[in-house]
Protein chains: 2
Amino acid sequence: MQQQRVRVTPQDDTVAANFRAVIEGHGGRWTRERLAILQVIREMRGHFLPEEVEQRLRKRGHRISLTTVYRNLPLLVEAGIVRRACVSEEKRGGGSSYEHIFGQEHHDHLICAHCGLRVEFSYPAIDVLQEAVAQSYGFKLERHHLELIGCCPDCQKRACRTRRREAT
Amino acid sequence: MQQQRVRVTPQDDTVAANFRAVIEGHGGRWTRERLAILQVIREMRGHFLPEEVEQRLRKRGHRISLTTVYRNLPLLVEAGIVRRACVSEEKRGGGSSYEHIFGQEHHDHLICAHCGLRVEFSYPAIDVLQEAVAQSYGFKLERHHLELIGCCPDCQKRACRTRRREAT
DNA sequence: TTTCATGCAAATACTTTGCATAAGC
DNA sequence: GCTTATGCAAAGTATTTGCATGAAA
């Protein structure tokens with residue numbers, strides 16, 4: 001609770017500007033609540049639930065309703081600041097999680113299907129090929145999302161033999 | 001409604017066997033409902049909702065409850081026959097969709113962020129690199145999931161200028 | 001001031017659970 | 001026969017919506 005201060009980075013202005021641009025594009029307004037939500041989300045690392053955003057806001061002294069968080073998340077997605085996380089990355093069950101992406105180093109995920117371990121990595125060579133694929137279909141690539149799902153070293157050691165499946 | 005017949009493929013036995021193996025691994029039983037669900041799902045192309053499975057079952061004369069579909073979906077996932085689709089692939093809002101994967105040619109998706117167009121592709125060279133990444137982290141790769149999100153040719157022509165964002 | 005955002009409560013939508021009955025093994 | 005699966009209804013969550021009030025522009 002002693003690191004209340006906002007971590008200011010060079011992208012700060014850009015991020016806020018993106019958000020504002022989206023909001024104004026919808027004929028919307030720049031409110032204190034939106035600023036607060038943006039700030040809190042910018043500090044988020046990894047995946048988060050809408051409810052966690054609300055809790056963090058509360059810890060910082062803001063009293064912003066969960067409804068408002070819900071209402072703004074789509075705008076943040078549209079602004080490219082967060083994305084909805086893939087279900088296979090989720091614990092299971094309930095709500096959809098989001099991930100803060102803008103201004104973060106882009107990364108993809110290695111996920112252990114057995115223990116749930118998530119490792120972030122980035123591998124430029126793959127990015128290059130992705131660009132090639134997109135071009136061959138005439139797409140202009142904006143972003144991508146890659147998950148490699150397998151068995152992590154520990155689970156392998158653990159003689160982790162789950163369902164064997166004779167994949168084609 | 002005239003193509004009621006099951007599209008039998010060489011993998012039929014394997015698919016059913018995988019499903020049965022998972023079921024039996026849980027001390028479960030092989031029921032007519034499970035067979036019917038499996039058959040219907042095997043005919044599914046693209047993404048589908050639990051509710052769509054139930055509707056198709058009904059069209060085929062089965063009267064299997066949505067609850068049962070829900071109860072079996074996790075087993076089908078465990079058997080590697082379907083996977084939960086990524087949220088960013090969904091229309092929006094509501095439920096989680098699934099995708100039939102086993103026995104299907106593996107493919108990834110190119111998704112247009114503007115009109116929602118989804119194109120399937122496969123690109124072996126990327127797969128090779130993914131394997132390399134996994135190995136470098138000691139992971140044994142089981143499957144992967146890649147989405148390339150961008151602007152499709154049509155939307156580009158349409159001078160589709162949505163939110164411009166100065167990605168880092 | 002005019003319009004949009006917010007908060008609260010109510011409504012929805014999706015998914016899970018409890019229990020009696022039917023069905024595998 | 002013993003145990004698990006199913007169907008139905010009820011319960012739970014997650015998310016959205018309606019409306020009065022407060023806040024931007």
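Every chain is numbered from 1, with letters handed out A, B, ... down the list of sequences. It should be emphasised that the depicted structure is a prediction, and the values quoted were computed from it without experimental measurement. What you see below is based on every heavy atom in this structure, not just the backbone, and it leaves out hydrogens, waters and symmetry mates.
Under the side chain to side chain donor-acceptor pair (under 3.5 Å) criterion, A/Arg34 pairs with A/Asn72, sequence neighbours left out. By the side chain to side chain contact (heavy atoms under 4.5 Å, CB included) test, A/Tyr123 is found to be paired with A/Phe121, A/Ala125, A/Ile126, B/Leu129, B/Ala132, B/Val133, residues two or more places apart in sequence or in another chain being considered. Remark: B/Glu24 pairs with no residue by the side chain to side chain donor-acceptor pair (under 3.5 Å) rule, at least two apart or across chains. With sequence neighbours left out, the side chain to side chain contact (heavy atoms under 4.5 Å, CB included) criterion links B/Gln135 to B/Glu131. Applying the ring pair (Phe, Tyr, Trp, His ring centres under 6.0 Å) criterion to A/Phe139, with sequence neighbours excluded, gives no partner residue. Every side chain to side chain donor-acceptor pair (under 3.5 Å) that A/Ser65 has, sequence neighbours left out, goes to A/Thr68. Residues forming a side chain to side chain contact (heavy atoms under 4.5 Å, CB included) with A/Arg58 (at least two apart in sequence, or on another chain): A/Glu54, A/Arg63. Looking at residues two or more places apart in sequence or on another chain, you find no ring pair (Phe, Tyr, Trp, His ring centres under 6.0 Å) involving B/His62. Applying the side chain to side chain contact (heavy atoms under 4.5 Å, CB included) rule to B/His106 yields the partners B/Asp108, B/His144; only residues at least two apart in sequence or on another chain are considered.
In this structure, A/Leu73 atom CG and D/dT17 atom P are separated by 15 Å, rounded to whole Å. Between A/Ile23 atom CD1 and C/dT6 atom C1' the separation is 13 Å, expressed in whole Å. With rounding to whole Å, B/Arg84 atom CZ is found 13 Å from C/dC14 atom P. Taking atom CH2 of residue B/Trp30 and atom P of nucleotide C/dA22, one finds them 23 Å apart after rounding to whole Å. Rounded to a whole Å, the NE2 atom of A/His26 is 18 Å from the C1' atom of D/dA24. As rounded to whole Å, 16 Å separates atom C1' of D/dG7 from atom NE2 of B/His62. Between B/Glu54 atom CD and D/dT6 atom C1' the separation is 13 Å, expressed in whole Å.
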Could you list the protein-to-nucleotides 7-10 of chain C atom pairs, N/O on both sides, closer than 3.5 Å?
from, atom 1, to, atom 2, distance (Å)
C/dG7, OP1, A/Arg63, O, 2.9
C/dG7, OP2, A/Ser65, N, 2.9
C/dG7, OP2, A/Ser65, OG, 3.1
C/dG7, OP2, A/Thr68, OG1, 2.5
C/dG7, N7, A/Arg71, NH2, 2.8
C/dG7, O6, A/Arg71, NH2, 3.0

Distances for protein N/O vs nucleotides 1-4 of chain D N/O pairs under 3.5 angstrom?
from, atom 1, to, atom 2, distance (Å)
D/dT3, O2, B/Arg29, NH1, 2.3
D/dT3, O2, B/Arg29, NH2, 2.9
D/dT4, O4', B/Arg29, NH1, 3.2

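Considering NZ of A/Lys59 and CD of A/Glu52, their distance stands at 9.5 Å, rounded to 0.5 Å.
A donor-acceptor pair under 3.5 Å is absent between the side-chain atoms of A/Glu120 and the main chain of A/Gly46, judged by distance alone.
Both B/Arg32 and A/Glu51 sit near DNA chain D, but only B/Arg32 has its closest nucleotide nearer the 5' end.
If one axis is set at each end of the helix from C/dT1-D/dA25 to C/dC25-D/dG1 from five pairs, those axes are 40° apart, to 10°.
Taking only side-chain nitrogens and oxygens, B/Asn72 never comes nearer than 4.0 Å to OP1 or OP2 of D/dA5. Under 4.0 angstrom from either OP1 or OP2 of C/dT16 there lies no side-chain N or O belonging to B/Tyr70.
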